[in-house]
Undergrad: 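Take this structure, written in structure tokens, and hold onto it; I'll ask about it next.
Chain letters run A, B, ... following the sequence lines, proteins first and then strands; every chain starts at 1.
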Protein chains: 2
Amino acid sequence: MMQPMAKRVQSAGFKLTPPRQAVLQVLEESREHLTPAEVLARAQAIYPSLGRATVYRTIELLINLGVVRPIFLGARGMCLTLAEGGHHHLICFECGSVIEFEECTVGELEQELAQRLNFQIRGHLLEFYGVCERCHD
Amino acid sequence: MMQPMAKRVQSAGFKLTPPRQAVLQVLEESREHLTPAEVLARAQAIYPSLGRATVYRTIELLINLGVVRPIFLGARGMCLTLAEGGHHHLICFECGSVIEFEECTVGELEQELAQRLNFQIRGHLLEFYGVCERCHD
DNA sequence: CCTATAATGAAACACGGTCTCAATGAGAAC
DNA sequence: GTTCTCATTGAGACCGTGTTTCATTATAGG
Ligand SMILES: [Zn+2]
Ligand SMILES: [Zn+2]
Ligand SMILES: [Zn+2]
Ligand SMILES: [Zn+2]
């Protein structure tokens with residue numbers, strides 16, 4: 001069975017080439033928070049002649065298809081995350097550590113905003129900033 | 001009366017020089033979502049000989065003091081925002097436009113997380129991603 | 001006023017990301 | 001299968017952002 005990202009790419013009319021498949025596989029398997037440089041390194045392990053430009057082009061394609069989304073993760077800089085669904089982080093000012101949490105209370109707000117502003121909402125990001133347990137007292 | 005940011009800088013033991021004051025004034029007046037390059041351009045209108053390095057050094061200082069915070073705003077890239085309080089955005093995949101909203105339903109969750117994880121929370125970011133009214137149908 | 005030292009701007013540098021272009025190869029047409 | 005076309009590719013030049021270095025300046029305190 002075909003990977004879901006590959007299917008999205010192909011059914012949008014784009015060719016499914018080996019360089020693209022390598023990038024898709026990396027994004028699909030590690031599924032969280034990689035920088036473009038990390039995607040490049042991992043995908044080159046699958047397809048060694050892969051170039052930087054192709055990685056950026058494939059990422060741009062996936063962003064336009066609404067498959068992935070860039071987020072700015074503290075000291076790590078720009079990272080990629082799946083576009084659908086919610087992502088929830090606690091981020092420490094001091095040490096930059098990122099704690100993920102699952103609870104989410106924005107469902108109702110999401111529906112209300114979508115209706116009022118006629119906005120098709122596909123995902124969200126909720127981040128709290130502060131000082132973690134280790135970094136205060 | 002002294003601007004609040006200037007006070008924070010001075011009472012933390014740093015000198016309040018004209019180049020710094022220009023950067024503080026820009027961040028304080030426009031109060032939202034400027035990139036460092038935009039801060040540089042605006043602050044140079046106040047203090048023409050201002051150098052890029054000083055802008056970055058001042059921003060770093062303010063981040064360490066917990067006054068501002070970097071966020072990644074879609075196509076605009078890294079922008080600065082006040083560290084305290086909440087920021088709420090609707091961001092369009094297609095055109096990159098950013099709509100701000102005021103409603104916020106994360107107060108309780110914030111308190112619960114702060115208590116359970118012993119995390120001092122000082123601000124938050126809530127972003128919904130999707131397709132805006134103009135960009136669908 | 002003088003001094004110690006924090007802060008500065010210029011310039012070199014590092015790096016991420018984009019663009020250009022010639023070469024390639026996937027897929028359609030037959 | 002062969003041929004054709006055009007999307008896709010990698011190399012490398014390029015650009016803007018952010019960092020570092022260093023000699024010079026200017027602040028704040030004595
Ligand atoms: Zn959520
Ligand atoms: Zn911490
Ligand atoms: Zn809020
Ligand atoms: Zn839009």
Undergrad: Starting at the 5' end of DNA chain C and moving along, which residue's nearest nucleotide shows up first, B/Pro19 or B/Arg52?
TA: B/Pro19
Undergrad: Would a 4.5 Å heavy-atom cut-off, applied to side chains only, mark A/Leu90 and B/Ile121 as touching?
TA: yes
Undergrad: Closest heavy-atom contact between B/Arg76 and B/Cys79?
TA: CB-SG, 4.0 Å
Undergrad: Is the terminal nitrogen or CZ of B/Arg69 (NZ for Lys, CZ for Arg) located under 6.0 angstrom from the six-membered ring centre of A/Tyr129 and within 45° of that ring's axis?
TA: yes
Undergrad: If I take atom CE in residue A/Met78 and atom P in nucleotide D/dT17, what distance separates them, rounded to the nearest angstrom?
TA: 16 Å
Undergrad: Compare every heavy atom of B/Tyr47 with every heavy atom of B/Pro19, then report the nearest pair and how far apart it is.
TA: CG-CE2, 3.7 Å
Undergrad: In whole angstrom, give the distance that lies between atom CZ of B/Phe72 and atom P of D/dT17.
TA: 14 Å
Undergrad: Do A/Glu38 and A/Arg42 sit within salt-bridge range, that is, some charged N less than 4.0 Å from a carboxylate O?
TA: no
Undergrad: Quick one: how far along DNA chain C does chain A reach, first to last nucleotide 5' to 3', anything under 4.0 Å to a heavy atom?
TA: C/dG16 to C/dA26
Undergrad: Would a single hydrophobic cluster contain both A/Ile99 and A/Val131, if residues Ile, Leu, Val, Met, Phe, Trp and Tyr are joined by side-chain heavy-atom contacts under 4.5 Å?
TA: no
Undergrad: Go through the steps for B/Leu24 and B/Leu16 under the test side-chain contact (heavy atoms from CB on, under 4.5 Å), then give the verdict.
TA: CA-CA 10 Å; B/Leu24 296 189; B/Leu16 204 54; 4.1 Å; yes
Undergrad: Near DNA chain C, counting only heavy atoms under 4.0 Å, which residues of residues 54-70 of chain B show up?
TA: B/Thr54, B/Arg57
Undergrad: Are B/Leu113 and A/Val98 connected, step by step, through hydrophobic side chains (Ile, Leu, Val, Met, Phe, Trp, Tyr) whose heavy atoms are closer than 4.5 Å?
TA: no
Undergrad: Report all interatomic pairs (protein N or O, nucleotide N or O of nucleotides 24-28 of chain D) with separations under 3.5 Å.
TA:
residue : atom : partner : partner atom : Å
D/dT27  : O2   : B/Lys15 : NZ           : 3.0

Undergrad: For the residue pair B/His89 and B/Leu73, establish whether any side-chain heavy-atom pair is separated by less than 4.5 Å.
TA: yes
Undergrad: Is there a continuous path of hydrophobic side-chain contacts, each under 4.5 Å between heavy atoms, that joins A/Leu82 to A/Phe101?
TA: no
Undergrad: Counting any heavy atom closer than 4.0 Å, what does B/Ala37 reach on the DNA or RNA strands: base, sugar-phosphate only, or nothing?
TA: sugar-phosphate
